[in-house]
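Below you'll find the structure, written out as structure tokens, and then a few comments.
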Number of protein chains: 2
Amino acid sequence: MREKKLSIIDLAKQLGTSATTVSFVINGKGKEKNISTALIEKIESLVAELNYQPNALAKSFRTGKTMTIGFIVDEIAQPFFSGIARFIDEKASAYGYNILFSSTKNSKKKGSEILQVFNERCVDAFIIALPNGLEKEVEQIISTDVPVVLFDRYLPALESDYVLIDNENSVIEATNHLISNGCKHIAFVTIETDQMQMLDRTIGYEKAIKAAGLESYLKKIDYQNKAHSVSEIADFLKQNSQLDAIIFSCNYLSMDGLDAIATTNLKIGEDLAMVSFDDLDVLRYFKPAITAVIQPLEKIADKIIEILIYRLRDNAVKDKLKVILNTNLEIRASSKAKITTAVDVLNK
Amino acid sequence: MREKKLSIIDLAKQLGTSATTVSFVINGKGKEKNISTALIEKIESLVAELNYQPNALAKSFRTGKTMTIGFIVDEIAQPFFSGIARFIDEKASAYGYNILFSSTKNSKKKGSEILQVFNERCVDAFIIALPNGLEKEVEQIISTDVPVVLFDRYLPALESDYVLIDNENSVIEATNHLISNGCKHIAFVTIETDQMQMLDRTIGYEKAIKAAGLESYLKKIDYQNKAHSVSEIADFLKQNSQLDAIIFSCNYLSMDGLDAIATTNLKIGEDLAMVSFDDLDVLRYFKPAITAVIQPLEKIADKIIEILIYRLRDNAVKDKLKVILNTNLEIRASSKAKITTAVDVLNK
DNA sequence: TTTATTTGCTTAAACGTTTAAGTATAAACA
DNA sequence: TGTTTATACTTAAACGTTTAAGCAAATAAA
């Protein structure tokens, strides 16, 4: 049923010329290869008339280029990742690249499988938010000169191009914001992990707290599921009734935090200031709206593509690039100036 | 730098056998093709030892199959689409397929370009939330026996496999829910469009209102941007102060609706019951939580993949399939039983 | 006029698989 | 015993491009 598709050879036969010539013209090398203008025009008009579409498979096979970029993240449904995916697609398309994606579920095994499959499929480049433990696999890919840009998290053992945000300073800024609003007992809730971006956030918190001479309230959650996380946070709040502010180190913890706070009689923005690392629609619509550290999604995507295009054009062995972007602390009602008590005022 | 990759011919040479035999064994056809167990084992162990990875490009080129599915939606960053994408990836991976995605921004031109590019890349199948006006292009693809499953929206002029939800009955159910809670002046806010799924939702509203003998309050917004939409909804609310319930026909209108209602002195769940078509985290965390018509994302993905695999295995000319799934009306505080006034009670 | 260069093409190989068709030997059958 | 069938492979073509190498004619340079 399926009609045999037109090949470059069919075109050549119809015009009484060779496949080579047709190939040159189709690829815009007519002039360069000294094809006469007359023939160029004849070929181009036939291509248009017959709506010839080159067989991308044959082309890829021959050239080894697929014009495909592998995009690997924890979970495409997470707003942060789908937001990045959106811009990556937009910008990569402009260069003729398409995006093949898959989700690792933050599993080393799944991540390794995806790396292998995408590699076998000869993607021209990788964009990855890499689970820990896959340094060797990625190194292997880099060693074959396939460009790789990692984002969101940093793997100290892995020499590679990176696009990251300044996690430490972002949290320092958030913490200082709370401190300058009079908060004295600021908690930081994070997950038990060895992912660098999370550790850096914690470091930022501790530095800011120490610099201000305040007491540190650090809560690490061994993340199992939402219910467990909510109850851990709720318990933590109950056991630390002196807290006047709380920072959550990532967006899903912020959501769990909202649920946990709802089980207490604490009023966000009044009894307890709150800041979320990572923004979400929920945080903007919540009453009161929740202050958030916002990652510059479009800029991240921009930088990633910029680096990839640079590497794809001329991947001479050069130093690896490490781009670190600033975040934006969007101050909303949840952390606006607190009514400081008389005692606080006197203490100043 | 890049080492020449191992080919099937290299393996054959090393073993003193032919490429054909190696190919048979690698593809698990050793037994079927009468290759001796001894040789099968020798080949398999060499493959393992040298970690031979077949060149997927050559394979695709030869077979015409890419093991790739094109996934085309309005905008991958929209939670509905990224939610579907997640399950599509999960389920397609299980069959060895990977997902190439791109976003049309609901533009006919962009959609048409993506269709063409994916087609040239020989994706084995398409999953599409199709903008209006591309019926011809999709028909052309279907005519070449490439499986296409459309979802989210129905194009009456296009004979194809579809996975849809029952828009009309979902809204009827939502409207009846409000009616049974005593609402008498129920508005329906939708967009000016010719997309069938939206029209069906409106039809559901009007049927339910008519059946109950109530007055219809239908507001169609010519969607330009969020600010305009919010102000249109706010005006509509102010001009119809008798309203006691409002239904939004899609998730972004629900968000705009929340913003609009915030500009009035109406209290959701008290003065005004609210229902959203499509769920969002925002709606669950909002105070009060907003009742929503929830689409069964995983089931939708399941059905899509089921149909595709069926078509990919044996795409004999058979009637097109149309799967229509039920939604789930999740009742939350925003639409819980209203306190009916004395007048209402007496009127019964 | 002879030689070198440019113009305008073509030939043929290569990319790594799959697979139809074939071959040679061994086993089974008549 | 001769014939068929099964076993265990191999040969070679094909998929549609790209591209290095080459060639003939026209033009320019010497």
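Chain identifiers are assigned alphabetically (A, B, ...) following the order of the sequence lines, protein sequences preceding nucleic acid strands; residue numbering begins at 1 within each chain.
Classified by interplanar angle (parallel below 30°, tilted 30° to 60°, perpendicular above 60°), the ring pair B/Phe151/B/Phe71 is parallel.
Contact annotation for B/Lys29: backbone-only contact, meaning every heavy-atom pair under 4.0 Å involves sugar-phosphate atoms and none involves a base. Nucleic acid contact for A/Leu57: none, since no nucleic acid atom lies under 4.0 Å from a heavy atom of the residue. Counting non-hydrogen atoms under 4.0 angstrom, A/Asn55 reaches the backbone sugars and phosphates but no base. In this structure, B/Ser18 reaches the bases: a heavy-atom distance under 4.0 Å links it to at least one base atom across the strands shown.
A straight line from NZ of B/Lys5 to P of C/dC15 spans 15 Å, rounded to a whole angstrom. Between A/Lys13 atom NZ and C/dT11 atom C1' the separation is 15 Å, expressed in whole Å. A straight line from CD1 of A/Ile35 to C1' of D/dT18 spans 14 Å, rounded to a whole angstrom. Regarding B/Ile9, its CD1 atom lies at a distance of 8 Å from the P atom of C/dC15, rounded to whole Å. Between B/Phe61 atom CZ and C/dT18 atom P there is a gap of 13 Å when expressed in whole angstrom units. Between the CD atom of B/Glu120 and the C1' atom of D/dT17 there is a distance of 14 Å, given to the nearest Å. Atom NZ in A/Lys65 sits roughly 19 Å away from atom C1' in D/dG16 (whole-Å rounding). Going from atom CE of A/Met67 over to atom C1' of D/dT17 covers 16 Å, rounded to whole Å.
When distances are taken from the side chain of B/Lys59 to each of C/dT10, D/dC9, C/dT17, the shortest belongs to C/dT17. Residue B/Arg62 has its side chain nearest to C/dG16 when only C/dG8, C/dG16, C/dA14 are considered. Taking the side chain of B/Pro54 as heavy atoms from C-beta on, and the options C/dT17, C/dC9, D/dG16, the nearest nucleotide is C/dT17. The side chain of B/Ile8 has C/dT18 as its nearest neighbour among D/dC9, C/dT10, C/dT18. When distances run from any side-chain atom of A/Thr63 to the nucleotides D/dA8, C/dC9, D/dT18, the shortest one goes to D/dT18.
Considering only side-chain N and O atoms, B/Asn34 lies nowhere under 4.0 angstrom from the phosphate OP1 or OP2 of D/dA6. Taking only side-chain nitrogens and oxygens, B/Tyr52 comes nearer than 4.0 Å to OP1 or OP2 of C/dT17.
Each of A/Thr17 and B/Ala58 was assigned the nucleotide of DNA chain C with the nearest heavy atom; the assignment lying further toward the 5' end belongs to A/Thr17. Of the two residues near DNA chain D, A/Ala19 and B/Ala19, the one whose nearest nucleotide lies more 5' is B/Ala19.
With hydrogens and angles ignored, no donor-acceptor pair closer than 3.5 Å exists between the side chain of B/Ser23 and the base of C/dT17. Remark: the A/Thr20 side chain and the C/dT11 base include a donor-acceptor N/O pair separated by less than 3.5 Å.
Just one residue in the list A/Lys303, A/Arg311, A/Lys322, A/Lys320 forms a side chain to side chain donor-acceptor pair (under 3.5 Å) with A/Asp161, and that residue is A/Arg311. With respect to A/Ile72, the side-chain contact (heavy atoms from CB on, under 4.5 Å) criterion is satisfied by exactly one of A/Thr104, A/Leu134, A/Leu150: A/Thr104.
With salt bridges taken as basic N to acidic carboxylate O contacts below 4.0 Å, one links B/Lys91 and B/Glu298.
When all heavy atoms of A/Ile40 and A/Ile35 are compared, the closest pair comes out as CD1-O, 3.5 Å.
With no hydrogens or angles considered, a side-chain donor-acceptor pair links B/Asp124 and B/Thr66 at under 3.5 Å.
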